[in-house]
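Protein chains get the first letters and strands the later ones, always in sequence-line order, with residue 1 at the start of each.
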There are 2 protein chains.
Amino acid sequence: MQMSEASAWLTRLFEGHRLTPTQRRIAQCLIRRPDEAPFLSSVELAGLAGVSQPSVTRFAVALGFDGYPALRRRLRESLRDGRAAAGPDDAGPPANVYQRAVLAEIGHLRQLAAALADTARIEEAGRLLAASRPLPVLGLRAAAAEAGGFAYFAAKVHPDVRLLTEGGSVLADRIEAAADAGASALLCFALPRHPREAAEALAVARGAGLRVVTVADSAVAPVAGPGDLLLSAGVGTGLSFDTACAPALLGRAVLEAMCDALPDAQSRLERFDARAAERGLFLG
Amino acid sequence: MQMSEASAWLTRLFEGHRLTPTQRRIAQCLIRRPDEAPFLSSVELAGLAGVSQPSVTRFAVALGFDGYPALRRRLRESLRDGRAAAGPDDAGPPANVYQRAVLAEIGHLRQLAAALADTARIEEAGRLLAASRPLPVLGLRAAAAEAGGFAYFAAKVHPDVRLLTEGGSVLADRIEAAADAGASALLCFALPRHPREAAEALAVARGAGLRVVTVADSAVAPVAGPGDLLLSAGVGTGLSFDTACAPALLGRAVLEAMCDALPDAQSRLERFDARAAERGLFLG
DNA sequence: TTTCGACTGCATAGAATTATGCAGATGAGT
DNA sequence: ACTCATCTGCATAATTCTATGCAGTCGAAA
């Protein structure tokens, strides 16, 4: 018989206790369903075992618990522990603070990879941004770097990218100017700590009729609006300052999707490369 | 923080829902405790999130469930699924380009984590940069974003950070001005494709007596000089444009080391926080 | 300033879960 | 056969959990 971690634990628990026939049925039932067991109410367990509900309570007491909830609590803990032990197989002590921060970011990237299994949202984001001329890209304070990185590359395939990294009253002017010039969407990088200005700027953008695409640190970012297309990736908090690898990478993924939605992206890139070589812009 | 399968599922669930501040607190609480979440009663969850129990019920309804028990049922299913899927590590083929790019970056981060086991070089970099007043930070073209991100945070703990992201003849002027003002080191982000200008700028810096610390994409970066302190991390090339998660993260690690080498970093941060709160700079 | 709508916690009703008193059943020992 | 201890389920009490009406608060719009 194949014994899982949890049912082995259960078996050990039952050993050394004199159990009545009815109680044995309950125990068998628990051993056979180690995954469901921690979630069952006494009524449900009784039903599955074919015994009365009070027998379940008495079973728990017979095992030395204060009552059925106490037994279930133990089952939950053992499930959690088993889960934790099975998860990260590299049990080595994460040596220093730098390594811990990097490992945490790996976790965020894993999550991002899982989220990217569904490409519908990111492709929609790509289409929206590709269709907007001009394309305003907003990122204030800490998010300015991510917005800048996006805008630098985006400008190589999109004819009119407008990078907005400075707040103040001019920001609203520039958003409205972009809308007047024909923009239909705006890309916003929203990272903690969320500046109040960013929320205000997004309100202006929505008011101007722009569709807002937001790359944020969490799906519950306070700057997100109802009609926005929100994409999220975790931010690392292990160091003195936040690290936003995953959001930055998500931004590049959006950029890729935007390229795919721009028919002449490839030819623009080739033209740039040709001119760069001509001018000796890069080494190597 | 280690992100599990379950919280990824949660994150996807919350996306696209308009949530009130109280509901965001509940969502954050669930995301932060993916292992406990499926076991919590509405009362317990309310307690952990610091909201009232009815708010939890309303939260579940807002997400489209029939009630809180229905939400919890879904959490339990996702926990079970995650458990089942956790067995065969990553058997599935890396479906799409986005996922492949993210997985490649995870590989770079793994290498970075290994390299950071030895903290001597990064700590030396931190000391060098902390001691330089002013501190010029150089990053041209694609590297401007990484340099900008570093400089934004560095300015919160270092009294005189000078961000240099624009090339041209003025760049050499500004480097020499920094040296004249007392700078003893310069931090350079050097990413492909390496601009010729960057190499020239570093030559100027060395000529002015600055110690150069370079965060680069490879240990054989063409811009590195003999006396430089070179730190490297891989760059992703799976998408149309390079992704520099690992170098960016390495930059933040250098920043952390610099903070450790600045005795009054902590007090500066606290002063900033106090003033930010005073001015209502950030949301939440 | 007033009004209105949205949000939130309190109080409480309604539902479920759990524990316990009780009686019938079973089986061992006298 | 009688007694007694044990076991079991039924009915129900006690507890815990969930949902909802209501009023106070806050911010936006008129």
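One N or O on the side chain of B:Asn96 and one on the backbone of A:Leu116 form a donor-acceptor pair closer than 3.5 Å. The closest donor-acceptor contact from the side chain of B:Arg252 to the backbone of A:Thr243 lies at 3.5 Å or more, if one exists at all. Under a 3.5 Å cut-off, the side chain of B:Arg58 and the backbone N or O of B:Gln53 do not form any donor-acceptor pair. Looking only at distances, a side-chain donor or acceptor of A:Glu44 sits under 3.5 Å from a matching main-chain atom of A:Ser41. Between the side chain of A:Glu166 and the main chain of A:Leu171, no donor-acceptor pair closer than 3.5 Å is present. Looking only at distances, no side-chain donor or acceptor of B:Glu146 sits under 3.5 Å from a matching main-chain atom of B:Ala248.
For A:Arg206 and A:Asp228, the salt-bridge test passes: some basic side-chain N is under 4.0 Å from an acidic carboxylate O.
Neither side chain, A:Ser55 nor A:Gln23, offers a donor N or O lying under 3.5 Å from an acceptor on the other.
The CD-P distance, from B:Glu44 to C:dT17, rounds to 15 Å in whole Å. Between the P atom of C:dT8 and the CD atom of B:Gln23 lies a distance of 6 Å, rounded to the nearest Å. Rounded to whole Å, the distance from CZ on B:Arg73 to P on D:dT18 is 12 Å. We find that CZ of B:Arg24 is positioned 17 Å from P of C:dA6, with the value rounded to whole Å. Note: CG (A:Asp66) to P (C:dT20) measures 10 Å, nearest angstrom. When the C1' atom of D:dC17 is taken as reference, atom CZ of B:Phe39 falls 18 Å away, rounded to whole Å. Put simply, OH on A:Tyr68 is 18 Å from C1' on C:dT20, counting in whole angstrom units. Following rounding to the nearest Å, A:Ile26 (CD1) and D:dT8 (C1') show an atom-to-atom distance of 11 Å.
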Give me, pair by pair, the N or O atoms of the protein and of nucleotides 23-29 of chain D that are less than 3.5 Å apart, along with how far apart they are.
none

Atom pairs, protein N/O to nucleotides 9-14 of chain D N/O, distance under 3.5 Å:
unit_1	atom_1	unit_2	atom_2	d
D:dG9	OP2	A:Ser52	OG	3.1
D:dG9	OP2	A:Ser55	OG	2.7
D:dG9	N7	A:Arg58	NH1	3.2
D:dG9	O6	A:Arg58	NH2	2.8

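At the phosphate of D:dT18, OP1 or OP2 sits under 4.0 Å from a side-chain N or O atom of B:Arg72. In this model, the phosphate group of D:dT8 is approached by a side-chain N or O of A:Thr20 to a distance below 4.0 Å at OP1 or OP2.
Taking the six-membered ring wherever Trp is involved, the centroid distance between the rings of B:Tyr68 and B:Phe59 does not fall below 6.0 Å.
The listed nucleotides are C:dT8, D:dT18, C:dA19; the one nearest the side chain of B:Thr57 is D:dT18.
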